[in-house]
Amino acid sequence: MWSFFHKLGSPPWLYGIAGSILRWLLPLTLLALIAGASWGLLFTPPDFRQGNSYRIIYIHVPAAVVALAGYYVMALAGAVSLIWKMKMADVAMKACAPVGAALTFIALVTGAIWGKPTWGTWWVWDARITSMLILLFLYLGVIALYEAYDNKAAAAKACAVLSLVGTVNIPIIYKSVDWWYSLHQPASIKFTGGSTIDPSMLYPLMLMIASFYALFTCCLLLNMRVEILRREARTNWVRKLVGA
Amino acid sequence: MYFDSVHAALAMEGHGPFVWAAYVITLAVLAAMLTAPARRARRLRRELAGNFKRNAGRGGGANEVGNASGT
C-alpha cells in the first residue's frame with residue numbers, strides 16, 4: 001500500500017502508468033461516448049413535456065456532474081500538495097483545471113441552448129446557473145493564478161488554497177435548486193428515494209455520465225503527462241524517452 | 001430508432017437546431033480537450049530532443065524548455 005503511494009510520487013512511473021492506462025481507456029471512452037450519445041439522440045422516446053429538447057440532457061448533465069466532481073479532485077490534489085508537498089499532486093491539480101473549465105463551459109452552453117426552447121430564454125441569473133458560472137471562474141482563476149507566478153512552488157501553494165476555498169461553492173451548486181426559487185429543474189436522479197426519470201432515458205444517461213468520468217480521467221492523464229515531461233525536462237529518463 | 005427518417009431526426013419536431021447545436025459545440029470542445037495535450041506533448045518532445053542534442057557537447061541537459069506545454 002505505502003509502496004504504491006511512493007510510486008505515485010515518482011514522475012517516470014506516473015508518466016508510464018498514465019500512458020498504459022490511456023492506451024485502453026481512451027478508445028473505450030470514445031466508444032462509450034459515441035454509443036451513449038447515439039442512444040440518447042436517436043433511440044430514446046421524447047419527454048412528454050419538453051419534447052425532443054430534453055435530449056440535451058445526455059451531454060448537459062454528465063458535463064455538469066463531472067465538472068463538480070472534478071473540482072473535488074482538484075481541491076483534493078491541492079490539499080495533498082499543501083500538506084505533504086507532493087509534487088505529483090501539484091501536477092494533478094494543475095492538470096484538472098483546464099478539463100474542469102471545459103466541462104463547466106459545456107454545461108453552461110448546453111444549458112443555455114436547452115433553456116431557449118424550454119424556458120424561453122438563453123440565460124437567467126438564477127442560483128444554479130450563477131453558481132455554475134462561479135465554478136467556471138474558479139477553474140479559470142486557478143489557471144490564471146498558476147500563470148501569474150514565476151515561482152512555481154508559490155504558484156502551487158496559492159492555487160491549492162484557492163481550490164480549497166472554492167469547494168464552498170460545490171454544495172451551494174448541488175443544493176441551489178432546493179434552497180432558492182429557481183427556473184432550473186430539481187435533480188431527476190436520486191440515490192435515496194425514487195428517481196423521476198424513466199429507465200429508457202436513465203440508462204443512456206448513466207452510460208454518458210460514466211463516459212464523461214472516463215473522459216475526465218483521460219484528459220487529466222494526458223495533461224499530467226505533458227506537465228511531467230515539462231518539469232522533468234533536464235532528467236536522464238526524459239533524455240532517453242525523447243531519444244536524444 | 002425513434003425517428004422515421006433522417007429528416008425527422010434532424011428536425012426533431014422543431015427542436016433539432018437546439019439539440020444538434022448543443023451536440024456539435026460539445027463535440028468541438030471535447031475534441032479540443034483531447035487533441036490539445038497530445039499536440040503540446042508532441043511539440044515538447046521535439047523541442048526537448050533538439051535541446052538535448054544541442055547541449056550534448058557541452059555536457060548539459062535540455063535547459064531551454066520553451067512554451068510548448070502551454071504554460
Side-chain angles (χ1 to χ4, degrees), chain A residues 26 29-30 33 37-38 40-46 50-56 58-60 63 94-95 98-99 102-103 105-106 109-118 146-147 152 212 215-216 218-219 221-227 229-231 233-236 238-239 241-244, chain B residues 1-6 8-71:
Chain A
L26 192 55
T29 303
L30 294 178
L33 277 171
S38 312
L41 263 175
L42 303 173
F43 293 94
T44 55
Q50 299 184 26
N52 284 299
S53 70
Y54 100 95
R55 293 181 196 280
I56 295 174
Y58 298 108
I59 41 177
H60 175 74
K94 195 187 169 207
V99 187
L103 289 173
F105 175 78
I106 290 174
V109 170
T110 55
I113 296 173
W114 193 357
K116 187 61 182 167
T118 312
Y146 204 95
E147 299 310 321
K152 291 305 172 197
F212 267 66
L215 180 82
F216 176 85
C218 288
C219 292
L221 293 176
L222 282 167
N223 283 340
M224 281 178 73
R225 272 167 64 90
V226 179
E227 184 61 17
L229 213 55
R230 195 185 65 78
R231 289 182 184 211
R234 299 176 189 190
T235 56
N236 273 331
V238 171
R239 182 198 291 265
L241 188 80
V242 299
Chain B
M1 193 161 99
Y2 172 77
F3 299 99
D4 298 331
S5 63
V6 175
L10 287 174
M12 290 192 176
E13 291 153 5
H15 287 155
F18 298 102
V19 175
W20 288 107
Y23 275 80
V24 168
I25 292 169
T26 302
L27 181 70
V29 176
L30 295 189
M33 280 163 72
L34 287 168
T35 55
R39 246 193 346 257
R40 282 206 309 268
R42 251 200 316 275
R43 210 160 55 215
L44 184 61
R45 284 176 78 133
R46 220 176 20 240
E47 204 175 302
L48 288 176
N51 285 352
F52 275 124
K53 275 179 190 149
R54 260 199 307 279
N55 294 337
R58 285 180 271 161
N63 292 324
E64 295 155 22
V65 182
N67 204 27
S69 67
T71 57

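Below, read A as the first sequence line, B as the second, and so on, with proteins coming before strands; counting in each chain starts at 1.
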Chain B: which of [options] shares the most heavy-atom pairs with it under 4.5 Å?
| options | answer |
| --- | --- |
| A/Ala37, A/Ala112, A/Gly51, A/Ser53 | A/Ser53 |
| A/Leu26, A/Leu41, A/Leu33, A/Ile106 | A/Leu41 |
| A/Ala63, A/Cys219, A/Pro117, A/Gly111 | A/Pro117 |
| A/Thr110, A/Leu42, A/Ile56 | A/Leu42 |

Side chain, backbone, both or neither of [X] within contact of chain B (heavy atoms, under 4.5 Å):
| X | result |
| --- | --- |
| A/Leu221 | neither |
| A/Ser38 | neither |
| A/Tyr58 | both |
| A/Val109 | side chain |

## Note on the structure
Sorted by chain and residue number, the salt bridge (Lys or Arg N to Asp or Glu O under 4.0 Å) partners of A/Arg231 (sequence neighbours excluded) come out as A/Asp90, A/Glu227
Between side-chain atoms of residues 23-35 of chain B and protein atoms elsewhere (two or more places apart, or another chain), which donor-acceptor pairs fall under 3.5 Å?
unit_1, atom_1, unit_2, atom_2, d
B/Tyr23, OH, A/Arg55, O, 2.7
B/Thr26, OG1, B/Ala22, O, 2.7
B/Thr35, OG1, B/Ala31, O, 2.8

[X] to [Y] - nearest heavy-atom pair and separation:
| X | Y | result |
| --- | --- | --- |
| B/Phe52 | A/Val242 | CD1-CG2, 3.7 Å |
| B/Pro37 | A/Val226 | O-CG2, 3.3 Å |
| A/Pro45 | B/Tyr2 | CA-CD1, 4.1 Å |
| B/Ala21 | A/Ile113 | C-CD1, 4.3 Å |

### Query
How long is the span from the OG1 atom in A/Thr118 to the NE2 atom in B/His15, to the nearest 0.5 Å?
6.5 Å
#### Entry: Reported CG-to-CZ distance for the pair B/Asn51 and A/Arg239, which is rounded to 0.5 angstrom
11.0 Å
### Query
Under the side chain to side chain contact (heavy atoms under 4.5 Å, CB included) criterion, do A/Leu241 and B/Arg45 qualify, and how do the steps go?
CA-CA 9 Å; A/Leu241 188 80; B/Arg45 284 176 78 133; 3.9 Å; yes
